[in-house]
Amino acid sequence: MLFYFFIINVDNERTMDRRTFISLSTMLPFFGFTNLISCFSKESITNQNLKIDPNSIIDLHPSLQYRIISEKDLMMSDGFKVPGLADGMGSFLVDNNIVLVRNHEIVPQHGMKVGPFQNVNEQIALLGSKHYDEEAIGGTTNIILDKGSKKVLKEYLSLSGTMQNCAGGVTPWGTWLSCEEYVNNKNTSQVSHGYVFEVDPRKPYLESPRPLKKLGRFNHEAVSFDKYNNAYLTEDRSDGLIYKFVPKNPNSLKDGELFALKIKNLEDSRNWEQSRTELNTSYQVEWVKIEDYDPDEDTLRQEGISKGATVFARPEGVIADDESVYICCTSGGNLRKGQIFKINTISPDQSLAELWYEVQDTASLNMPDNIVIAPWGDLIVCEDNSDRNRLWGLTPSGTPYLIAQNSYSGSEFAGACFSPIDNTMFVNIQGNGLTLLIDGDWNSVVS
């Protein structure tokens with residue numbers, strides 16, 4: 001998944017302690033990054049020499065070490081097994097412990113036993129209403145770790161029966177939103193998919209799944225929140241849109257209105273065949289209302305496009321700081337390697353957008369996907385490509401530095417997030433079914 005950021009700036013009236021924000025937001029926080037990314041070149045890449053892993057898991061910067069904290073197919077505390085294909089992940093501080101909420105991007109075509117069940121039909125039947133769709137095996141699992149030792153205390157299923165749970169995001173009130181990257185056609189014999197589900201990390205048990213339908217039914221990727229607690233949602237399609245949900249009530253996403261982003265006089269932002277979007281040029285922004293937020297088919301974006309919403313190239317990860325919301329897509333620009341848009345919000349109703357950066361080379365990052373802000377202010381990027389997948393850092397000057405590389409299985413890194421109390425990183429190697437803890441001397445990594 002390539003590199004394509006959109007940045008939505010909000011005004012700077014509100015302040016928040018960065019550590020507090022990170023404890024609530026793992027895929028969201030992105031402090032001091034407004035002028036971060038510059039054109040990457042081979043000469044700008046530092047720390048290329050990684051430590052070869054004798055266990056053939058990941059090659060890592062010599063100042064770091066990793067530990068496996070969860071592995072697919074092993075038994076969890078609730079008697080279910082760890083599902084495969086871990087993707088997006090969030091980190092929380094709950095009752096003096098660290099809680100990770102982890103998506104599993106599973107569909108039945110992967111095989112029903114890739115999910116958490118050994119005796120699939122029997123166990124699903126026993127779950128009753130706590131399993132959303134008997135034909136689906138996606139969902140989330142939670143990992144509770146001791147704050148000091150980082151030892152796993154408990155691991156359990158927290159959302160069950162959803163489909164292809166890819167990314168998501170952390171809410172301002174400290175819950176996890178898990179997004180289905182799958183839409184089926186509605187009919188009387190099937191359960192509908194394409195929704196967002198909320199998981200509360202403070203509940204140490206499997207929750208009843210309730211789709212947040214007002215957030216739209218489409219190919220969801222991720223969610224982020226601005227200072228007004230409006231949710232920004234991405235749609236992983238080559239002609240995907242950027243959405244904003246304005247809640248009716250505080251700390252609740254059950255009711256509200258859904259809008260799609262429209263950059264005036266710009267129907268297509270992708271710059272694939274020709275450069276319709278000019279660098280460093282301000283564009284007026286509007287939000288067009290989506291009326292049919294729960295369509296029968298995968299057509300929600302068609303309503304937005306018919307109303308003038310701007311098309312983007314596979315919008316994916318979303319990150320927010322106290323000033324801005326950054327929206328990462330995959331394949332914008334002439335090289336289809338990515339762009340960075342910056343959208344400055346002058347007020348809740350007025351915004352300006354500009355194409356801030358467009359990737360011009362292939363020397364460094366290759367298909368970045370999940371993104372997170374490190375406690376020291378740098379952006380951490382997970383790659384997902386068919387070549388070799390790496391974990392990168394990007395300094396505030398835009399210089400990439402290499403953290404880790406999967407030289408062995410070809411699988412992507414996913415769900416990178418940090419402990420709410422220190423610099424410990426958690427990340428998934430999706431295809432391997434592993435969740436890793438990475439720590440060490442980060443100062444040496446970034447220097």
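What's counted below: heavy atoms across the whole structure, side chains too, no hydrogens, waters or symmetry copies.
Listed for the Asn103 side chain is no donor-acceptor partner under 3.5 Å among the backbone atoms of Thr140. For the pair Asp226 (side chain) and Tyr228 (backbone), a donor-acceptor distance under 3.5 Å is present.
A salt bridge links Glu257 to Lys289: at least one charged side-chain nitrogen sits closer than 4.0 Å to a carboxylate oxygen. Electrostatic pairing of Arg202 and Asp200 counts as a salt bridge here, judged by a charged N lying under 4.0 Å from a carboxylate O.
The shortest non-hydrogen separation linking Phe418 to Ile373 is CD1-O, 3.7 Å. Considering every non-hydrogen atom in both Leu436 and Ile429, the closest pair reads CD1-CD1, 3.6 Å. In terms of heavy-atom proximity, Glu303 sits nearest to Glu291 at OE2-N, 2.6 Å.
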Is there a side-chain hydrogen bond (donor to acceptor under 3.5 Å, both in side chains) between Thr234 and Glu316? Walk through the geometry before answering. CA-CA 6 Å; Thr234 53; Glu316 299 218 52; over 6 Å; no

Would Lys264 and Glu286 count as a salt bridge (Lys or Arg N to Asp or Glu O under 4.0 Å) if you check the C-alpha gap in whole Å, the side-chain angles of each, and the deciding distance to 0.1 Å? CA-CA 7 Å; Lys264 290 185 179 179; Glu286 296 179 357; 3.4 Å; yes

Stepwise, does the side-chain hydrogen bond (donor to acceptor under 3.5 Å, both in side chains) test hold for Asn428 with Thr435? CA-CA 4 Å; Asn428 300 311; Thr435 299; 2.6 Å; yes

After noting the C-alpha distance and the side-chain angles of Asp239 and Arg314, does the key distance pass the salt bridge (Lys or Arg N to Asp or Glu O under 4.0 Å) rule? CA-CA 7 Å; Asp239 58 348; Arg314 296 190 62 191; over 6 Å; no

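For residues 237-279, the ring-ring contact (aromatic ring centres under 6.0 Å, His included) pairs, not counting sequence neighbours, are Phe218-Tyr243. Judged as a salt bridge (Lys or Arg N to Asp or Glu O under 4.0 Å), not a single pair has a partner in residues 124-143 (not counting sequence neighbours).
At least one test fails for Lys113 against the ring of Phe117: distance under 6.0 Å to the centre or angle within 45° of the axis.
Between Arg270 and Val311, some side-chain heavy-atom pair lies under the 4.5 Å cut-off.
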